[in-house]
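Below: one structure, written as structure tokens.
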Amino acid sequence: MTTVAYQGEPGSNSATAAADLYPGCEELPCTGFEQALDAVTLGNADVAVIPVDNSAAGRVADVHHLLPESGLFIVAEYFLAIRFDLMGVPGATLEGLECVRSHVHALGQCRKILREGGWRTLVSDDTAGAAREVAELGDPRHAALAPPAAARRYGLEVLRPEVEDDPDNTTRFVVLSRAAVVPPSTGEPTMTSLFFCVRNIPSALYKALGGFASSSVNLTKIESYQMGAGLNPSRFYVEIEGHPDESHVALALQELRFFSSEVRILGVYPAHPHRLRQRPA
């Protein structure tokens, strides 16, 4: 049986993604992203399922800082449609609500109903944890924004279903493993995630990325972040379409390495079908 670590509590979106990817798996809920990654590193879990970005809220904080330092490899990606229900204890009503709890991202993705209700908000560690807190309080003045599974798990009643602002709200997860699992280059849609640090010379980033343009490699994501204080060169997390064994990708990576002090492939994995649906006709 595969043991899957994730950040959050049972009933959270991360738990749903883990169950979708690994039906019947043994779940290992963790208090934070770092703890979930450590569980894989230490051998307490086989893989970790971690959210990296959301279509409405953007990048998930801290994850891109943790990935390059974790020593783990991305072996798959998964897109999960995000649904939030407003839920309270049995007998609670919308008219009687005073406070709504949830994760900060969930609160940001359900602004319309929060404005409509005019309720106070409290930030919880995760969405399912907010549902558990409401169930433990037993106070009909408190409600939670959480996935539908959380209401069933904690015995709450749905006061209003599907209250997310964007009906196409989607979170992308990556699966991390101790060992790299590189699929063969067969021409099927493939993603490559990598980390690099440019040399501290003028126009280094422009020149490093030039190879992707000249080799017609589609760069789908670039995130920059600073490590430590001072004037250290920025580090970059990049995702591209293609396999390193494809000739045009290999040429782009060769140019990237020439202008970088460090380049590290973090994962080569099949593109999720959701990407194909997002492409323009």
Looking only at the aromatic ring of each residue, does the gap between the centers of Phe195 and Tyr237 stay below 6.0 angstrom?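 No; Phe195 has its ring centre 6.0 Å or more from that of Tyr237.
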
What's the shortest heavy-atom distance between [X] and [Y], and which atoms?
| X | Y | value |
| --- | --- | --- |
| Ala179 | Phe73 | C-CD1, 3.8 Å |
| Ala5 | Ala39 | CB-CB, 4.1 Å |
| Ile222 | Leu219 | CB-CD2, 3.9 Å |
| Glu9 | Ala15 | O-CB, 4.1 Å |
| Asn13 | Pro147 | OD1-CG, 3.4 Å |
| Leu251 | Ser215 | CB-OG, 3.8 Å |

Examine distances only and state if a side-chain atom of [X] and a backbone atom of [Y] form a donor-acceptor pair shorter than 3.5 Å.
| X | Y | answer |
| --- | --- | --- |
| Arg199 | Phe258 | yes |
| Arg111 | Gly108 | yes |
| Ser214 | Gly210 | yes |
| Thr93 | Gly96 | yes |
| Thr190 | His243 | no |
| Asp126 | Ala128 | yes |
| Asp85 | Val158 | no |
| Glu164 | Phe84 | yes |

Residue among Ile74, Ile265, Thr220 satisfying side-chain contact (heavy atoms from CB on, under 4.5 Å) with Ser193: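 Single pass found, and it is Ile74.
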
pair [X]-[Y]: side-chain heavy atoms closer than 4.5 Å:
| X | Y | result |
| --- | --- | --- |
| Leu194 | Phe236 | no |
| Val100 | Leu122 | no |
| Ile240 | Val249 | yes |
| Val47 | Tyr22 | yes |

Separation of [Y] [atom2] from [X] [atom1] (nearest 0.5 Å):
| X | Y | atom1 | atom2 | value |
| --- | --- | --- | --- | --- |
| Ser102 | Asp125 | OG | CG | 11.0 Å |
| Leu86 | Leu114 | CG | CG | 8.0 Å |
| His103 | Arg101 | NE2 | CZ | 15.0 Å |
| Glu241 | Phe212 | CD | CZ | 12.5 Å |
| Arg120 | Arg141 | CZ | CZ | 8.5 Å |
| Phe33 | Asp38 | CZ | CG | 13.5 Å |

Does one side chain, of [X] or [Y], offer a donor that lies under 3.5 Å from an acceptor on the other?
| X | Y | answer |
| --- | --- | --- |
| Asn54 | Thr171 | yes |
| Glu133 | Ser124 | yes |
| Gln109 | Asn169 | yes |

Decide yes or no on side-chain hydrogen bond (donor to acceptor under 3.5 Å, both in side chains) for Thr2 and Glu26, but give the supporting numbers first. CA-CA 6 Å; Thr2 302; Glu26 181 178 346; over 6 Å; no

Please determine whether the number of non-hydrogen atoms from other residues, nucleotides or ligands lying under 6.0 Å from atom CD of Glu262 exceeds 12.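 More than 12 heavy atoms, drawn from other residues, nucleotides or ligands, come within 6.0 Å of this atom.
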
Can you list everything that forms a salt bridge (Lys or Arg N to Asp or Glu O under 4.0 Å) with Glu116? Sequence neighbours excluded, please.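 Counting only residues at least two positions away or on another chain, Glu116 forms a salt bridge (Lys or Arg N to Asp or Glu O under 4.0 Å) with Arg160.
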
